[in-house]
Amino acid sequence: MDQTFIDNCSNSELENLKEEVEILQQKVDYLRGKIQSIQYQCRHIFLETSSMRECQKCGFAESTYY
């Protein structure tokens with residue numbers, strides 16, 4: 001018994017969504033690069049706890065648990 005195929009989404013809509021995802025992924029990658037650049041150039045002012053420290057200026061965090 002054959003099942004019928006129901007096409008609820010047009011091909012162009014699917015392609016548009018894929019393009020939008022790609023554009024947004026590129027933007028995310030760009031923004032992550034900017035964050036890394038800011039954190040690299042920051043003169044950190046750390047707030048420390050027993051297990052980690054986090055910069056109050058740029059949000060860079062690292063574990064101090066050894």
Side-chain angles (χ1 to χ4, degrees):
M1 198 166 182
D2 291 335
Q3 293 181 347
T4 58
F5 178 73
I6 300 172
D7 186 10
N8 291 334
C9 184
S10 68
N11 224 10
S12 63
E13 182 181 3
L14 185 61
E15 290 303 316
N16 289 341
L17 291 173
K18 286 181 180 181
E19 288 176 22
E20 186 176 351
V21 166
E22 180 64 30
I23 290 168
L24 292 173
Q25 184 62 51
Q26 290 173 0
K27 188 171 183 178
V28 166
D29 293 341
Y30 169 74
L31 293 174
R32 282 188 176 147
K34 281 185 73 170
I35 289 171
Q36 286 179 340
S37 175
I38 290 168
Q39 289 177 337
Y40 179 75
Q41 296 173 14
C42 181
R43 294 180 182 222
H44 300 298
I45 300 173
F46 287 108
L47 176 63
E48 298 191 27
T49 66
S50 61
S51 62
M52 69 174 290
R53 63 185 195 160
E54 182 175 2
C55 177
Q56 295 175 337
K57 291 169 55 180
C58 73
F60 175 79
E62 61 185 4
S63 174
T64 57
Y65 179 76
Y66 299 103

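When a residue number appears, it is its place in the shown sequence, counting from 1.
Scanning for side-chain contact (heavy atoms from CB on, under 4.5 Å) contacts around E22 gives Q26, with sequence neighbours left out.
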Worked verdict on N11 versus E15 for side-chain hydrogen bond (donor to acceptor under 3.5 Å, both in side chains): CA-CA 6 Å; N11 224 10; E15 290 303 316; 5.6 Å; no
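Contact between T64 and T49 at its shortest, heavy atoms only, is OG1-O, 4.0 Å.
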Identify each donor-acceptor pair in which a side-chain atom of residues 30-48 lies under 3.5 Å from a protein atom, sequence neighbours left out, and give them as a table.
| from | atom 1 | to | atom 2 | distance (Å) |
| --- | --- | --- | --- | --- |
| S37 | OG | Q41 | NE2 | 3.3 |
| H44 | NE2 | Q39 | O | 3.4 |

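Side chains of K27 and I23 form no contact here, defined as non-hydrogen atoms less than 4.5 Å apart.
In this structure, CG in L17 is found 5.5 Å from CD in E13, a value given to the nearest 0.5 Å.
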